[in-house]
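Down below is the structure, laid out as structure tokens.
Only a predicted model underlies this, so the values are computations on that prediction, with no experimental measurement involved. Residue numbers run from 1 in the order of the sequence given.
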Amino acid sequence: MCIDRIEPTHWFAGMKDSCLQLMVYGKGIRQAKVSVDYPGVRLTRVVRLDSQNYLWLYLDLATAQPGRIPLTFTLGKHRHTHLYTLREREKAGEERKGFTNADVLYMLLPDRFAHGGDVGAPIAGMRPYQIDRQQPNLRHGGNLEGIRQHLDYFRELGVTALWLTPVLENNSADSKGYSTYHGYATTDYYKVDARLGTNDSYRLLCDEAHSKGLKIVMDMIFNHCSFDHPWLRDMPSQDWFNGLPPTPTVTSAHKSAPSHVVSPLKNRDNILLTNYKLTTVVDPYASDIDFKETVEGWFVPSMPDLNQRNPHLLRYLIQNSIWWIETMGIDGIRMDTYPYADAHAMATWMKAIQREYPFFTTVGETWVTEPAYTAAWQRDSRLVQHNSYLPAVMDFAFFDRINHAKHEETDDWWKGLNRVYHTLVYDYLYPNPALVMAFLDNHDTDRFLGKGKDSTALRQALAILLTIKRTPQLYYGTEILMNGTKQMGDGDVRKDFPGGFPGDKRNAFTPEGRTAAEQALFEWLRTLLHWRQGNAVIIHGSQKQFIPQNGVYVIARQYEGNTVLTILNGKRKPATFHVARYAEVIGQQEVATDIHTGAQVDLTHDWMLQPRETRILSYSSPIFNTLSQ
């Protein structure tokens with residue numbers, strides 16, 4: 001009898017939920033008898049599913065203390081004892097604080113950001129892969145050590161949290177110039193991909209980030225895994241995955257011996273693929289087939305759809321999240337393709353996370369560009385019957401409108417900055433607008449600059465993003481005018497950060513390595529980000545917006561007598577800032593400070609805004625703290 005693996009690899013004493021599920025994998029282990037002899041530990045349930053090679057143990061650890069728990073497996077004449085580690089928790093769940101709207105998340109792909117150390121020879125045990133920076137869809141060699149070596153860069157820029165695309169093992173062979181460098185095809189839920197580093201190097205990154213005041217947000221995917229995950233070669237049960245054709249089974253001649261899954265799915269011709277229409281999960285008129293295709297269809301043929309309705313799989317995924325929080329000390333989770341998974345199961349997951357960590361933050365990817373859709377997924381939404389318990393949601397409506405606005409002149413109705421105005425109008429739908437994660441672009445979209453380098457519209461977009469009632473997210477390289485479009489392929493919007501790799505001709509991590517235009521934007525954004533840190537007006541303040549008039553759009557934030565005005569000229573010609581129109585937030589205030597230049601701005605007379613000009617003004621005027629909450 002051989003036990004190949006037990007997951008989770010270790011666990012923790014003193015959790016609020018005292019139940020621990022162990023997935024045991026080994027040839028023929030299904031038939032084994034199991035006993036446990038450890039103070040405070042009780043074996044409450046043994047589950048045998050379809051495969052002969054899996055066994056599921058449920059332990060009650062209510063009074064167990066840290067130590068080594070002997071798990072004894074007996075199969076015929078064979079007997080094996082495995083010592084399972086129960087660790088002491090480093091801190092209570094209430095002490096683990098997630099990210100908030102006080103943070104600015106910096107999203108990056110580890111493979112494309114920076115490399116630390118030598119590239120080295122191919123790693124043993126990994127399927128054939130190639131590091132070739134000339135190929136946009138192959139691996140480029142970035143890793144966790146490269147990120148760790150640039151933690152001071154993030155501090156200098158002024159962001160406060162790092163969102164890394166998934167770092168878990170993606171052990172799939174490169175095929176036809178494509179690889180899983182992006183990290184979204186998991187083959188091991190408990191192991192960092194060896195090309196990025198190790199579990200220890202990930203913990204080191206988290207610890208050093210924390211020491212420098214930076215948070216780490218972990219990207220997770222519960223909707224699907226890789227076709228190369230061991231579960232596909234030996235399925236634990238016939239309902240472990242959605243969208244599969246009927247699975248043949250082989251039954252032993254002995255009637256009492258259970259059947260087991262023997263097909264590793266030799267082809268993918270008959271699988272159900274998703275329709276990508278996320279609206280079906282909230283549509284009151286959705287047909288059964290449309291709904292089924294959305295939530296049970298595979299994301300792509302190489303990423304099988306997990307069935308979260310299977311209670312043992314769901315428990316596995318819940319514990320996996322808790323394990324990474326406890327083991328690495330991560331500060332948040334970004335859940336990929338959130339609405340594609342079973343909504344009730346995901347709500348169960350969120351409740352379990354919040355029970356252990358009341359102040360932890362999870363944000364879900366909810367890619368529909370309508371505020372009502374996004375709002376329906378936020379915790380305590382009044383728009384739907386079933387609570388998602390999801391604290392934060394991604395603002396694809398803002399992303400969509402700001403990217404339309406950048407190409408347009410702001411008129412007095414719908415175009416230009418009116419698109420942003422009309423998006424914020426619907427904030428009444430959100431239970432908590434401050435925990436709506438807004439962004440200009442990410443790894444799945446065109447970069448905001450497209451194929452260009454003009455920072456004028458970008459500055460306006462950044463000024464809005466970083467001053468409105470939202471949790472903002474930046475995409476790596478925005479600060480140095482990195483551009484690219486999906487039309488040219490994913491690799492064009494996921495370029496290497498200049499200076500992050502051996503042999504780079506320039507190092508954009510330093511002022512000397514940036515062009516004049518890049519340095520100008522970097523300094524402008526750096527000033528704004530550092531000003532934003534700890535700014536009570538931006539974090540706690542009320543918000544009021546003024547309908548764009550004659551191209552001028554103004555958003556006011558106020559808190560305890562302090563005011564911030566974000567003023568934008570949405571036209572390609574000069575426009576007048578009429579002081580009287582904004583009297584309700586200016587009152588008798590005579591001067592304000594421009595946060596970028598430090599100059600004093602006269603608020604007693606009208607003044608001109610240059611074409612597409614952006615100004616952020618700050619002043620204190622306790623009498624006129626009258627904005628609605």
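Across every non-hydrogen atom of Glu365 and Met394, the tightest pair is CA-SD, 3.5 Å. Nearest heavy atoms, Pro70 versus Thr81: CB-CG2, 3.9 Å. In plain terms, the two heavy atoms of Ile6 and Ile3 that are nearest each other are CG1-CG2, 3.9 Å. Nearest heavy atoms, Ile69 versus Leu61: CD1-CD2, 4.4 Å. In terms of heavy atoms, Leu278 sits closest to Pro339 at CD2-CB, 3.9 Å. When every heavy atom of Ala345 is checked against every heavy atom of Leu314, the shortest pair comes out as O-CD1, 3.6 Å.
Using a distance-only test at 3.5 Å, with no hydrogens or angles considered, no donor-acceptor pair links the side chain of Thr374 to the main chain of Asp395. When atom types are taken as modelled, the side chain of Asn270 and the backbone of Pro245 share no donor-acceptor pair closer than 3.5 angstrom. Side-chain atoms of His210 come within 3.5 Å of backbone N or O of Cys206 as a donor-acceptor pair. With hydrogens and angles disregarded, a donor-acceptor distance shorter than 3.5 Å links the side chain of Asn171 to the backbone of Gly125. The backbone N or O of Thr74 sits nowhere less than 3.5 Å from a side-chain atom of His78 that would complete a donor-acceptor pair. Here the side chain of Gln319 pairs a donor or acceptor atom with the backbone of Gln21 at under 3.5 angstrom. Listed for the Thr348 side chain is a donor-acceptor partner under 3.5 Å among the backbone atoms of His344. For Asn199 (side chain) and Tyr190 (main-chain N/O), a donor-acceptor pair under 3.5 Å exists by modelled atom type. Put simply, the side chain of Arg447 never gets that close to the backbone of Gly484: no donor and acceptor are under 3.5 Å apart. Under a 3.5 Å cut-off, the side chain of Arg233 and the backbone N or O of Asp228 do form a donor-acceptor pair.
Applying ring-ring contact (aromatic ring centres under 6.0 Å, His included) to Trp367 and the options Tyr373, Phe396, Trp377 leaves one that passes, Phe396.
Residues Arg5 and Asp188 are paired through a salt bridge, judged by an N-O separation under 4.0 Å between the basic side chain and the carboxylate. A salt bridge is defined here as a Lys NZ or Arg NE, NH1 or NH2 lying under 4.0 Å from an Asp or Glu carboxylate O, and Lys215 with Asp331 fails to meet this definition. Taking 4.0 Å as the cut-off between side-chain N and carboxylate O, Arg334 and Asp336 count as a salt-bridged pair. The pair Arg133-Asp111 does not meet the salt-bridge criterion, since no charged nitrogen lies less than 4.0 angstrom from a carboxylate oxygen. Contact check on Lys486 versus Asp446 returns no salt bridge, with no Lys/Arg side-chain nitrogen under 4.0 Å from an Asp/Glu carboxylate oxygen. Look at Lys16 and Glu356 and you find no salt bridge, because none of the NZ, NE, NH1 or NH2 atoms lies under 4.0 Å from a carboxylate O.
A cation-pi geometry, defined here as NZ or CZ lying under 6.0 Å from the six-membered ring centre and within 45° of its normal, holds between Arg112 and Tyr181. Cation-pi geometry between Arg79 and Phe73 is not satisfied (NZ or CZ under 6.0 Å from the ring centre, within 45° of the ring normal). A cation-pi arrangement is not found for Arg127 relative to Phe227, the charged atom failing to lie both closer than 6.0 Å to the ring centre and inside a 45° cone about the ring normal.
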Would you sort out whether Ser287 and Asp290 count as a side-chain hydrogen bond (donor to acceptor under 3.5 Å, both in side chains), showing the intermediate values? CA-CA 5 Å; Ser287 65; Asp290 287 340; 2.9 Å; yes
For the pair Arg379 and Gln354, evaluate side chain to side chain contact (heavy atoms under 4.5 Å, CB included) and give the outcome as yes or no after the intermediate values. CA-CA 11 Å; Arg379 180 172 57 196; Gln354 289 166 15; 3.2 Å; yes
Could you check Glu296 against Tyr340 for side-chain hydrogen bond (donor to acceptor under 3.5 Å, both in side chains), going step by step and ending with a plain yes or no? CA-CA 8 Å; Glu296 296 187 20; Tyr340 287 98; over 6 Å; no
What verdict does the side-chain hydrogen bond (donor to acceptor under 3.5 Å, both in side chains) test give for Ser226 and Thr186, after you've listed the backbone C-alpha separation in whole Å, the side-chain angles of each residue and the deciding distance to 0.1 Å? CA-CA 5 Å; Ser226 169; Thr186 308; over 6 Å; no
Walk me through it: do Asp219 and Trp163 pass the test side-chain hydrogen bond (donor to acceptor under 3.5 Å, both in side chains)? CA-CA 7 Å; Asp219 205 328; Trp163 158 23; 2.9 Å; yes
Which is it for Leu59 and Cys19 under the side chain to side chain contact (heavy atoms under 4.5 Å, CB included) test, yes or no, and what are the steps along the way? CA-CA 6 Å; Leu59 307 176; Cys19 176; over 6 Å; no
Would Lys351 and Asp17 satisfy salt bridge (charged side-chain N to carboxylate O under 4.0 Å, His left out), going step by step from the backbone distance to the final call? CA-CA 11 Å; Lys351 288 175 68 176; Asp17 185 348; over 6 Å; no
Side chain to side chain contact (heavy atoms under 4.5 Å, CB included), that's the test. Do Thr72 and Val36 meet it? Break it down for me. CA-CA 6 Å; Thr72 300; Val36 180; over 6 Å; no
Could you please spell out the steps behind the salt bridge (charged side-chain N to carboxylate O under 4.0 Å, His left out) verdict for Glu90 and Arg203? CA-CA 13 Å; Glu90 293 182 359; Arg203 175 60 194 251; 2.9 Å; yes
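Looking at Asn242 and Arg309, their side chains do bring a donor and an acceptor atom within 3.5 Å of each other. Residues Ser179 and Arg139 have side chains that never bring a donor and an acceptor to within less than 3.5 angstrom of each other. Judged purely by distance below 3.5 Å, without hydrogens or angles, the side chains of Asp234 and Ser51 pair a donor atom with an acceptor atom. A donor-acceptor contact closer than 3.5 angstrom is absent between the side chains of Thr44 and Asp60. In the model, Ser237 has a side-chain atom that pairs as donor or acceptor with a side-chain atom of Asp239 under 3.5 Å. With hydrogens and angles left out, the side-chain atoms of His115 and Asn143 include a donor and acceptor closer than 3.5 Å.
Tyr276 and Phe299 have their aromatic ring centers within a separation under 6.0 angstrom. Close placement of the His443 and Tyr184 rings is indicated, their centers lying within 6.0 Å of each other. Remark: aromatic rings of Trp56 and Tyr25 are distant, center separation not under 6.0 Å. Between Trp323 and His10, a ring centre-to-centre spacing shorter than 6.0 Å is recorded.
Under the 30°/60° scheme for interplanar angles, the aromatic rings of Trp349 and Phe222 are found to stand perpendicular. Between Tyr316 and Tyr189, the angle of the ring planes goes over 60°, which puts this pair in the perpendicular group of the 30/60° scheme. Note: Phe399 and Phe439 have parallel aromatic rings, judged against thresholds of 30 and 60 degrees for the angle between ring planes.
No side-chain heavy atom of Glu7 sits under 4.5 Å from any side-chain heavy atom of Leu22. In this structure the side chain of Arg48 never reaches within 4.5 angstrom of the side chain of Ile29, judged on heavy atoms. Within the 4.5 Å cutoff, no side-chain heavy atoms of Tyr58 are placed close to those of Leu20.
Within 6.0 Å of CG in Asp207 there are more than 12 heavy atoms belonging to other residues, nucleotides or ligands. Lys292 NZ: 12 or fewer foreign heavy atoms inside a 6.0 Å radius. Counting heavy-atom neighbours within 6.0 Å of Tyr178 OH, excluding the residue itself, gives a total of 12 or less.
Atom CG of Asn275 and atom CG of Leu272 lie 8.5 Å apart (nearest 0.5 Å).
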